Amino acid sequence: ADCFPKTPAMVRVDSSRVDDEWLSMKEAEHQDEGEAEAAEATETKDPEAEANVAEAEENGEKTEKDESVLDKTVLSDPLSDEEREVLAKLRQHETEVEKVRSAALELRSKTSQSAVDFRSFTEAAQQVEDSTKVDPEILQRDAVSSQLEWPAKELKLARVLVAALDAWEKALAKGKEQLTAAPSSAVLGESITALLESFQQMQLAQKEAKASGYSAVQHADIGLTGKEAGLRPLLEALLDKAQELEQLESFKAQLDEVCMQMLSDLKVQLPDPHVGKTEPPPLETEDVPTTVEATDPAKEEEDEHLDPEKLWRAVHTGDEPIVKAFVARKACDGTLRDASGHSIFWHAISFNHHSLAQYFWESFPPGSPGGIEVDEVHYRKGDTLLHLLCLCRPFSAEAAALFKRVAAKAPPPVFQKQNALGLTFLDIAIDTLNFWVLTFVLKNFQVPAKALLCNSRAPLRRLFKVLRPPMAPQVYQAPGPFPEHFRVAAMLQQDPSGLVPYADVAFDVGPERQGVATGRFLAHRVVVVAQSPVLFEVLEKMPLTELPKEKISAALIRVDERISQEVWRSVLQFMYQGTIAVEHCSYLKDAGKCVELLRACLLYKLPEPLLHLALSHVFQLLPSSSPTHALQVFALCTSDEHINNKELSSVRLGAAWVLLHQAHIMFVDIEAPDLCEILSKVVRCLESTVFENPDQPAVMEDLLNYSFHGVPQDILSQTLSTTRRVAGHFQTKEDMLSQSMASISSMQSWPNPRGASRVVMY
């Protein structure tokens, strides 16, 4: 009795010792009643025994009264004899049970739980049930599952998912079998109904698992998207076969409203029973005497082997040997169509037999007698071969090779063809995030690409459905100014004679008027080179020039003409004061000036705080500014030197967002090659955004070790040799400032479109 403390927790029986305690209590209850009565009769009141009992009570030990409480506690055991027997069996198979627990634990740790995971989980549980011959219903009871740590609820949901998958695979196999089986409208109806019902069963099972809240199943992903992509062409092939049997109307009557609605949701169009009913006109032939030829058994056997139904079954199943036998005997060509008007090349692509489609292309080249017709169009859906290839799942290297061949031979109308849903093949590529097709068309078919993208339908805006909004860059925090005793700014003050003491650098800034820059700023070499690796390399080699007006000898540097005096003045202000007061910088609300500051930071690799100031304000102003500014920002951030700079990712994506929104307007007047070059970079930017950690913000690299803009904070502690090493660390590719004025002027931004409008917020 000492091992059971006086606490309300006594009501809960410890599962690790319940068997032994329960059995011992049962044995005590079933002791011989005669012996119990005799023991009670011989019991006497011994004063010494009473004293011992009192002493035991004082020490907190159990008395007979406590034992009666214990009896009541044990009698509240939640397990029945049947359940206790099940627990005893399972403890003999602890290894197998532990595998089930481990499988459940592994599922809980995953962010995406696949069909393979659920099958492994349920198979481990089934192995335990088969070994112990235990009724699964008993394991679902809370009393048993809690004591055994058996994942009953999660296992039940996992089994529902697996059962739905099994039903789907069975229906899928039956549906594929009907493509090659003897025609029967009743069986076709059953196959299509089974496919739709099993797919709906999978949808409901996955939805229930995700809504359950159980971590082992709430991230279920059994591949419904891929299964839907494979289901659609199979349903259409079965419907076409029903039409061939002329049983389509009776077949429609077999489908209930739920199935018809699912066909609509899957965008499966029912065949028109009236299409193809017209009889072809009789051929005009000359009257020639008919002769009866003798029957050749060998020829009849050969004709039987060349049964057209056998060819179509081989195309549907991808049986290349049979197809090649037909081709070798010239029993088919690229113009051969089935009753629905589809060619053998179309069917090979539709059923993802791309190697077979390649064989057809090589055997029946387009343009040759009996060659493939690249302008083939689905008579109901309006899809072209380009539409069909963009719908391939997965879009493999073989599918890409076929796309190249078809696109190269397709006439211009095929590129602009819209299907029954009003979609071009490029719309489908955008919707399915097929960036390979987008890039290929922009590179190789520039004129059709412009016509497809620059129109009132604004197809590129469809990407907004999958793009995450651009994330704001790092918040600008103004660094503290230099200490008062470090009076670098005072060096710019003119002496009584009007000269700037010790000035040995002159910056010509602003647009030229009659060959002369509109402004000139004087500075000191030691201050400038300490904060710009680019200027360090330039000034290291640049000779001094006599400046009569300033009465000094200085290195003369021409600043990029696209940077104004106001912006360059603030750059020098930062260099000499260590900070920029945002409230005193009036141009920070001007998008154009902020783009100039960004350009200066990137061209001359200015200190990090200046870059953060430019990025922060450019990002805020882009949505409400002219698309021209977005074009300039995008050109800067996607140059070869900066395309992989993660610090620019926010404004790079923000600029791409604006360009996507306005592409159909602002690019109308741009030549097709220039347009496609811009959009190719936009697509590249979006592709990396979508597929490289789309839910995570861009990680800022260490400011000093990896950034192109890091500079030492303690200016005085840096000697000239240290600054030389810093400049060497940046490894600039070219000396931008030593270029001639003509070379700098050639670094133009993208062409400025006429009539560019403003855009909405992100």
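Everything quoted here is computed from the prediction, not taken from an experiment.
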inquiry  = Working to the nearest 0.5 angstrom, can you tell me the gap between F464 CZ and L660 CG?
reply    = 5.0 Å
Test item: L196 and T193 side chains (from C-beta on) under 4.5 Å apart, heavy atoms = no
Contact check, side chains of Q474 and E647, non-hydrogen atoms, under 4.5 Å = no
For C594 against L621, the heavy-atom pair lying closest together = SG-CD1, 3.9 Å
task = Give a yes or no answer on whether the side chain of N352 reaches the backbone of R393 with a donor-acceptor pair at less than 3.5 Å.
result = yes
Electrostatic pair R119:D166 at N-O distance under 4.0 angstrom = yes
query = When you look at W168 and L231, which way does the side chain to side chain contact (heavy atoms under 4.5 Å, CB included) test go after all the steps?
reply = CA-CA 10 Å; W168 160 257; L231 174 61; 3.9 Å; yes
ask   = Looking only at atom types and distance, does a side-chain atom of Q113 sit under 3.5 Å from a main-chain N or O of S215, one as donor and one as acceptor?
value = yes
ask   = Any sub-3.5 Å donor-acceptor pair from H353's side-chain atoms to H316's backbone N or O?
value = yes
request  = Evaluate whether atom CZ of R462 has more than 12 neighbouring non-hydrogen atoms of other residues, nucleotides or ligands under 6.0 angstrom away.
outcome  = yes
message = Parallel, tilted or perpendicular: which one describes the rings of W361 and F345, with boundaries at 30° and 60°?
response = tilted
remark   = Scanning both residues in full, the closest heavy-atom pair of H354 with A399 reads CE1-CB, 3.7 Å
key: Salt-bridge present (E362, R405; N to O < 4.0 Å)   = yes
request  = To the nearest 0.5 Å, tell me how far L165 CG sits from L172 CG.
outcome  = 11.5 Å
key: For the student: nearest non-hydrogen atoms of L679 and F667, plus distance   = CD2-CE1, 3.7 Å
message = Please evaluate residues F326 and I322 with respect to the criterion side chain to side chain contact (heavy atoms under 4.5 Å, CB included), reporting the C-alpha separation (whole Å), side-chain torsions for both, the decisive distance (0.1 Å), and the verdict.
response = CA-CA 7 Å; F326 273 81; I322 293 180; 3.8 Å; yes
task = Kindly compute the distance separating NZ (K176) from CG (L234), expressed to the nearest 0.5 Å.
result = 7.5 Å
ask   = Between K110 and H219, is there a donor-acceptor pair closer than 3.5 Å when you use the side chain of the first and the backbone of the second?
value = no
message = Checking the side chain of R652 only, and the main-chain atoms of C637 only, is there a donor and an acceptor separated by less than 3.5 Å?
response = yes
message = Using modelled atom types and a 3.5 Å cut-off, is there a donor and acceptor pairing between side-chain atoms of S639 and backbone atoms of L636?
response = yes
request  = Check the angle between the aromatic planes of F403 and F425 and answer parallel, tilted or perpendicular using the 30° and 60° thresholds.
outcome  = tilted
request  = Before giving the answer on side chain to side chain contact (heavy atoms under 4.5 Å, CB included), spell out for L602 and L648 the whole-Å C-alpha distance, their side-chain angles and the decisive distance to 0.1 Å.
outcome  = CA-CA 10 Å; L602 297 179; L648 305 179; 4.1 Å; yes
remark   = Note: T432 and C390 closest approach over all heavy atoms is OG1-O, 4.2 Å
task = Spell out, as yes or no, whether a donor-acceptor pair under 3.5 Å connects the side chain of E208 to the backbone of L157.
result = no
message = Are L311 and L336 packed together at the side-chain level, in the sense that at least one heavy-atom pair is separated by less than 4.5 angstrom?
response = yes
request  = Drop me the distance from C676's SG to K681's NZ, to the nearest 0.5 angstrom.
outcome  = 13.5 Å
remark   = All heavy atoms of D117 vs all of S112, minimum pair found to be OD2-O, 4.1 Å
request  = For L598 and L611, run side chain to side chain contact (heavy atoms under 4.5 Å, CB included): C-alpha distance rounded to whole Å, both residues' side-chain angles, the deciding distance at 0.1 Å, then the answer.
outcome  = CA-CA 6 Å; L598 177 62; L611 176 67; 3.9 Å; yes
query = Within 45° of the axis and under 6.0 Å from the centre of the six-membered ring of Y359, does NZ or CZ of K324 qualify?
reply = yes
inquiry  = Less than 4.5 Å apart, side chain to side chain, heavy atoms only: is that true for M666 and L631?
reply    = yes
message = Treating K450 as the side-chain partner and V668 as the backbone partner, does any N or O pair qualify as donor plus acceptor under 3.5 Å?
response = yes
Heavy-atom closest contact (S343 atom, R337 atom, distance) = N-CD, 3.5 Å
Atom pair SG/CG of C685 and L659 - distance to nearest 0.5 Å = 9.5 Å
request  = Taking the side chain as every heavy atom from C-beta outward, state whether D319 and R313 have any atom pair closer than 4.5 Å.
outcome  = no
request  = Keeping the roles fixed (side chain from R108, backbone from A216), state whether a donor-acceptor pair exists under 3.5 Å.
outcome  = no
query = Going by atom types only, do T384 and H387 share a side-chain donor-acceptor pair under 3.5 Å?
reply = yes
message = Please check this pair: side chain of S350 against backbone of H347, looking for a donor-acceptor N/O pair closer than 3.5 Å.
response = no
